[in-house]
Amino acid sequence: MIRARITGTGSYVPEKILTNKDFEKYLDTTDEWIVARTGIRERHIAAEGENTSDLCLKAARNAIDMAGIKAEDIDLIVVATITGDYPWPATACIVQNKLGAKQCGAYDISAACSGFIYALSNAVAQIESGTIKRALVIGAETLSRIVDYNDRNTCLLFGDAAGAVVLEAREGERGILSSHLHSDGSYFELLGQPAFGTAVTPTEEIVRDRGYFLTMQGNEVFKVAVKMLAEVAQEAVEANGMTVDDIDLLIPHQANIRILEATAKRMKLPSEKVYINVDRFGNTSAATIPLALDEANRAGKLKENDLLVLNAFGGGFTWAATCLRW
Ligand code: UT7
């Protein structure tokens with residue numbers, strides 16, 4: 001049977017680091033509050049002029065090098081992002097050009113923090129159907145551009161990053177086993193960027209009132225996130241005739257340490273089987289999972305045939321999980 005297997009991983013974070021102490025200097029907050037309520041200690045922030053496609057490019061090159069392929073070998077580029085360089089054209093097209101890939105398919109997927117799993121499942125389907133042989137799937141965000149640094153409820157949560165994987169068609173049992181995508185648009189107002197789109201076009205008032213930033217009802221998001229992250233991870237293992245005990249490593253979307261701990265507890269999964277790096281990067285939306293996957297891979301934490309589960313939750317609401325045999 002043909003499966004889509006991850007043959008290369010890569011990631012990139014911008015050089016500049018914002019620590020909790022940096023926020024203490026001008027906001028009514030403390031390092032203690034941030035660490036206790038979120039687990040975040042620092043986050044990376046893109047330099048002026050450094051855009052999402054630049055982050056994508058660096059992560060992609062690392063993944064391509066590891067896979068031992070050339071950019072011309074890629075049949076499809078999918079970028080999961082909510083902070084593309086422009087509303088359109090797609091950031092994936094900018095990446096295709098910068099990478100020197102052939103004139104392959106290239107498009108973006110918008111599913112907020114679940115974006116990478118959505119993008120992955122989309123590329124996997126095309127590989128399994130025999131339509132393509134190799135895909136580059138990237139999750140990348142420059143959230144610092146849509147965050148209000150005067151809003152203590154949101155600004156300290158987010159960071160910038162990119163993570164990428166090369167997927168290739170391979171015979172055998174190793175590779176992506178299944179993907180499970182969900183949404184509930186009745187929650188659309190709880191987490192998002194209300195402007196600018198066709199519903200809210202630019203006006204002087206919106207710019208003056210700073211109405212174009214990311215907004216979030218943190219508490220409400222938290223409650224639904226914990227429930228859905230646990231449920232969808234369980235759904236993914238059960239769909240493959242396995243149980244939570246079979247999981248070697250859960251690589252969850254990194255939003256908040258308390259969400260990760262509560263999810264693991266709900267699933268009855270020991271904490272050492274949950275990959276955590278939210279302390280060093282914060283919430284980088286679609287980038288958290290491929291960034292964590294690359295980190296774990298390069299640190300030698302993933303062994304052949306390990307059962308990995310990736311799960312995510314984000315604006316929309318969207319939530320999703322992938323089960324894979326490494
Ligand atoms: O990526 C997927 C989507 N995002 C998420 O999954 C994020 C989900 N939500 C969260 O992670 C949490 O809700 C937050 C970290 C955003 C907030 O934590 P919380 O435990 O839900 O805090 P809260 O909003 O209930 O606020 C608790 C208190 C409030 O004070 P009072 O009303 O109890 O006096 C806030 O005003 O903490 C106060 N507070 C702060 N204090 C110091 C809120 N932000 C801060 C701050 N520093 N930065």
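Numbering of ligands and ligand atoms starts at 1, following listing order.
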> Counting heavy atoms only, which of Leu191, Val221, Thr284 is nearest atom 5 (C) of ligand 1?
Replying inline: Val221
>> Below 4.0 Å, non-hydrogen atoms only: which portion of Leu27 touches ligand 1? Side chain, backbone, both or neither.
In response: neither
> Should the ring pair Phe281 and His44 be called parallel, tilted or perpendicular, given that the plane angle runs from 0 to 90° and is split at 30 and 60?
Replying inline: tilted
> Does Thr9 offer a backbone N or O that forms a donor-acceptor pair with the side chain of Arg298 under 3.5 Å?
Replying inline: yes
>> Treating Asp160 as the side-chain partner and Ala46 as the backbone partner, does any N or O pair qualify as donor plus acceptor under 3.5 Å?
In response: yes
>> Less than 4.0 Å from atom 33 (O) of ligand 1, is there any heavy atom belonging to the protein?
In response: no
> Counting from 1, what ligand 1 atoms have a heavy atom of Leu156 closer than 4.0 Å?
Replying inline: 48 (N)
> Are there protein heavy-atom neighbours of atom 25 (O) of ligand 1 below 4.0 Å?
Replying inline: yes
> If we only count heavy atoms from C-beta on, is the Glu173 to Arg3 side-chain gap below 4.5 Å?
Replying inline: yes
> In terms of atom number and element, which parts of ligand 1 are under 4.0 angstrom from non-hydrogen atoms of Asp28?
Replying inline: 42 (C), 47 (N)
> What residue and heavy atom of the protein are closest to atom 10 (C) of ligand 1, and at what distance?
Replying inline: Asn256 ND2, 3.6 Å
>> Tell me if a side-chain donor or acceptor on Asp85 pairs with a main-chain N or O of Thr91 at a distance below 3.5 Å.
In response: no
>> Among all protein heavy atoms in this structure, tell me which lies nearest to atom 20 (O) of ligand 1, with the distance rounded to 0.1 Å.
In response: Arg37 NH2, 2.7 Å
> Salt-bridged, Glu168 to Arg170, with N to O below 4.0 Å?
Replying inline: yes
> What's the shortest distance from atom 2 (C) of ligand 1 to any protein heavy atom, and which residue and atom give it?
Replying inline: Phe313 O, 3.4 Å
> ligand 1 versus Thr29, non-hydrogen atoms closer than 4.0 Å: side chain, backbone, both, neither?
Replying inline: both
>> Within ligand 1, which atoms have a heavy atom of Gly218 less than 4.0 Å away?
In response: 8 (C), 9 (N), 13 (O)
> Considering Thr38, Leu190, Asn219, which one's heavy-atom position lies nearest to atom 21 (O) of ligand 1?
Replying inline: Asn219
>> Can you tell me which portion of Ala255 lies within the under-4.0 Å heavy-atom range of ligand 1? Options are side chain, backbone, both, or neither.
In response: side chain
> How about atom 18 (O) of ligand 1: does it have a protein heavy atom within less than 4.0 Å?
Replying inline: yes
> Given the rule that I, L, V, M, F, W and Y join up when any side-chain heavy atoms are under 4.5 Å apart, are Phe158 and Leu27 in one cluster?
Replying inline: yes
> Looking at Lys223 and Glu220, does any basic side-chain N land under 4.0 Å from a carboxylate oxygen?
Replying inline: yes
>> So for ligand 1, is Trp33 a polar contact partner (N or O within less than 3.5 Å, distance only)?
In response: yes
>> What protein heavy atom lies closest to atom 6 (O) of ligand 1? Include the residue and the distance to one decimal.
In response: Ile259 CD1, 3.3 Å
> Any sub-3.5 Å donor-acceptor pair from Asp306's side-chain atoms to Asp248's backbone N or O?
Replying inline: no
> Which of the atoms of ligand 1 are close to Met216, meaning less than 4.0 Å from one of its heavy atoms?
Replying inline: 4 (N), 7 (C), 16 (C)
> What atoms in ligand 1 come closer than 4.0 Å to a heavy atom of Asn153?
Replying inline: 43 (C), 44 (N)
>> Under a plain distance cut-off of 3.5 Å, with no hydrogens placed, do Thr318 and Ser114 share a side-chain donor-acceptor pair?
In response: yes
> Please state which protein non-hydrogen atom is closest to atom 30 (O) of ligand 1 and give its distance, to 0.1 Å?
Replying inline: Arg152 NH2, 5.0 Å
> If you measure from each non-hydrogen atom of Ile34 to ligand 1, which part falls under 4.0 Å: side chain, backbone, both or neither?
Replying inline: neither
> Any luck finding a side-chain donor-acceptor pair between Ser186 and Asp184 under 3.5 Å?
Replying inline: yes
> Quick one: does ligand 1 sit under 4.0 Å from the side chain of Phe23, the backbone, both or neither, non-hydrogen atoms only?
Replying inline: neither
>> Less than 4.0 angstrom from a charged side-chain N to a carboxylate O is my criterion; do Glu231 and Lys227 meet it?
In response: yes
>> Using side-chain heavy atoms (C-beta onward) and a distance below 4.5 Å, is Val147 in contact with Phe213?
In response: no
